[in-house]
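Notes follow once the structure below has been shown.
All heavy atoms count here, side chains included; hydrogens, waters and symmetry mates do not. Residue numbers start from 1 in every chain, and the chains themselves are labelled A, B, ... in the order their sequence lines are given, proteins ahead of strands.
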Amino acid sequence: MPELPEVETYRHYFEATSFHQAIEAIEVEDRKLLTTDYATLTETLVGQSFAATRRVGKNLFAFTDGGHTLHLHFGMTGDLEYYHSSLPRPRHARIVFVFRSGFNLGFICPRKFERIGLVSSVEDYLKRKKIAPDGLEITLEQLTETIQKRKSPIKPVLLDQSTVAGIGNWIVDEVLFQAKVHPERLANELTPSELEQIHSAIGFVLRTAIEHEANYGLFPRSFLIHAREWDASPFEHPDQHKRCPEGHADIVQTRVGGRATYFCPVCQVIP
DNA sequence: CGCTATGTTGTTCC
DNA sequence: AGGAACAACATAGC
């Protein structure tokens, strides 16, 4: 479930499992997932080892000891799974890095929205895709400058990776709830105080999610995420997952910018 | 069967 | 030129 905190967790997993082992082969089940043609990808990477990583927003970059850069994007449902060759290939591991060590790194692509390929450099990729500063690094000034130029509701503006990198659909709802801003407030009408609260909430939500390795069930009770349908647990009281964490009201479910949206009609009001 | 989905990109209309 | 709105992408799961 790859938004920024998940990708950061995958980055750690990648470093812990797949460094310093020569690549023997790359198995590709569906070439549509590649952004580099198969022959070039193989010719470039076979024999090399992964030696460093970097994450910007939802993008993961892996650097080889030979100086090449691999880019991975996890789409909506991508994941990584490291496994020994004696075990069967994991379900939906449509791209597999086979290491000479006898282990494999599977790029799990259930819905084929994932992408992987070589890039000339991180900076080139970010520029080409207009990726804004990472959510953990962006300054209030940078965020303010972009938001004030936009006239649409704040929710789609924050989802736009050219505003700030790494925010996805559940995080934007959480950020707006923590900042007490209604998702349909127009971006260019937000006050300096609200912009400051949004900036601060972005850092708080991202850091909290990373601390818990994106394991939603462990997030503080004060998080709106527990009101989302897929957080429902059979051990919880059936009504509990639909109330505002502050107990003010029932959470409203609607659509903003074509996306499922949850908010508290009491904590987040349109003036 | 119908509906929804955590993301991005392409198209069309301003 | 570039923003806004929305469809399309491919598949799984309920």
Side-chain angles (χ1 to χ4, degrees), chain A residues 1-10 28-35 55-60 71-81 90-95 107-117 119 125-132 134-135 145-177 183-189 202 205-206 208-210 212-217 219 223-234 241 253-263:
Chain A
M1 302 123 178
E3 297 186 33
L4 187 153
E6 288 91 342
V7 178
E8 180 65 8
T9 303
Y10 297 165
V28 178
E29 179 197 293
D30 186 339
R31 295 190 181 188
K32 275 188 232 163
L33 303 177
L34 301 180
T35 56
R55 181 196 55 70
V56 179
K58 304 169 191 174
N59 301 282
L60 177 61
H71 168 253
L72 298 90
H73 195 287
F74 296 90
M76 289 171 84
T77 50
D79 202 349
L80 296 175
E81 188 169 340
R91 190 162 149 82
H92 301 134
R94 303 187 200 272
I95 312 279
F107 186 33
I108 313 293
C109 308
R111 289 177 207 174
K112 297 189 178 179
F113 277 6
E114 302 74 9
R115 290 295 180 269
I116 189 166
V119 294
Y125 179 85
L126 299 179
K127 191 174 171 189
R128 185 157 50 87
K129 296 288 184 175
K130 297 183 166 50
I131 305 292
D134 187 81
E145 197 192 342
T146 309
I147 290 179
Q148 285 183 333
K149 283 191 267 192
R150 304 286 297 272
K151 295 174 184 171
S152 51
I154 185 62
K155 169 156 177 166
V157 171
L158 289 174
L159 281 173
D160 187 338
Q161 302 300 295
S162 68
T163 301
V164 49
I167 294 182
N169 202 39
W170 79 255
I171 291 181
V172 69
D173 282 0
E174 191 66 59
V175 163
L176 292 173
F177 174 73
E184 291 178 295
R185 286 290 306 285
L186 297 185
N188 60 345
E189 294 178 0
I202 288 172
V205 171
L206 293 177
T208 302
I210 290 170
H212 295 292
E213 297 186 326
N215 191 337
Y216 311 135
F219 292 0
F223 271 46
L224 179 74
I225 194 168
H226 301 298
R228 292 187 97 91
E229 292 288 345
W230 40 269
D231 182 66
S233 143
H241 73 285
Q253 181 181 357
T254 178
R255 292 188 87 78
V256 178
R259 319 285 269 134
T261 298
Y262 295 74
F263 70 96

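We find that CZ of A:R111 is positioned 9 Å from P of B:dT6, with the value rounded to whole Å. With rounding to whole Å, A:D160 atom CG is found 16 Å from C:dC6 atom P. The distance between atom CG of A:L206 and atom P of B:dT6, rounded to the nearest whole Å, is 17 Å. A straight line from CD of A:E114 to C1' of B:dA5 spans 13 Å, rounded to a whole angstrom. At whole-Å resolution of the value, CG in A:D79 and C1' in C:dA12 are 15 Å apart. Spacing between atom CG of A:L33 and atom C1' of C:dT11 amounts to 12 Å, rounded to whole angstrom units. In this structure, OH of A:Y216 is placed 10 Å from P of B:dT6, rounded to the nearest angstrom.
One P atom belongs to B:dT9, the other to C:dA12, and the distance between them is 23 Å to the nearest Å. If you take atom P in C:dC6 and the same atom in B:dT4, they sit 16 Å apart, rounded to whole Å.
Stems are defined here as 3 or more consecutive Watson-Crick or G-U wobble pairs with pairing distances under 3.5 Å; those involving DNA chain C are B:2-5 with C:11-14, B:7-14 with C:2-9.
Evaluation of the side chain to side chain donor-acceptor pair (under 3.5 Å) rule for A:H92 yields no partner, not counting sequence neighbours. When the salt bridge (Lys or Arg N to Asp or Glu O under 4.0 Å) test is applied to A:D79, no partner is found at least two apart in sequence or on another chain.
Distance alone, capped at 3.5 Å, places no donor-acceptor pair between the A:R91 side chain and the A:I108 backbone. A donor-acceptor distance shorter than 3.5 angstrom exists from the side chain of A:D134 to the backbone of A:G57, with no hydrogens or angles considered. A:E114 places a side-chain N or O within donor-acceptor distance of the main-chain N or O of A:K112, the cut-off being under 3.5 Å. With hydrogens and angles ignored, the 3.5 Å screen pairs no side-chain donor or acceptor of A:E3 with any backbone N or O of A:I167.
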Inset, instruction - List the steps and the verdict of side chain to side chain contact (heavy atoms under 4.5 Å, CB included) for A:V205 and A:F177. - result: CA-CA 10 Å; A:V205 171; A:F177 174 73; over 6 Å; no

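Ring geometry, A:F219 versus A:H212: the interplanar angle falls from 30° to 60°, so the pair is classed tilted.
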Inset, instruction - Scan nucleotides 7-12 of chain B nucleotide by nucleotide, 5' to 3', and note B when protein non-hydrogen atoms come under 4.0 Å of the base, S if they reach only the sugar-phosphate, - if neither. - result: BSS---

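Residue A:E29 places its CD atom among more than 12 non-hydrogen atoms of other residues, nucleotides or ligands, all under 6.0 Å distant.
Residue A:R91 has a polar side-chain atom (N or O) positioned under 4.0 Å from OP1 or OP2 of C:dG13.
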I'd like a table of atom pairs between the protein and nucleotides 2-5 of chain C - only N or O on both sides, under 3.5 Å - with the distance next to each one.
residue	atom	partner	partner atom	Å
C:dA4	OP1	A:K151	N	2.6
C:dA4	OP1	A:S152	N	3.3
C:dA4	OP2	A:R150	NE	2.4
C:dA4	OP2	A:R150	NH2	2.9

In residues 125-132 of chain A, what donor-acceptor pairs under 3.5 Å come from side-chain atoms, sequence neighbours left out?
residue	atom	partner	partner atom	Å
A:Y125	OH	A:N59	OD1	3.4
A:Y125	OH	A:H71	NE2	3.3

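Among all heavy-atom pairs drawn from A:V157 and A:S152, the shortest one is CG2-OG, 3.4 Å.
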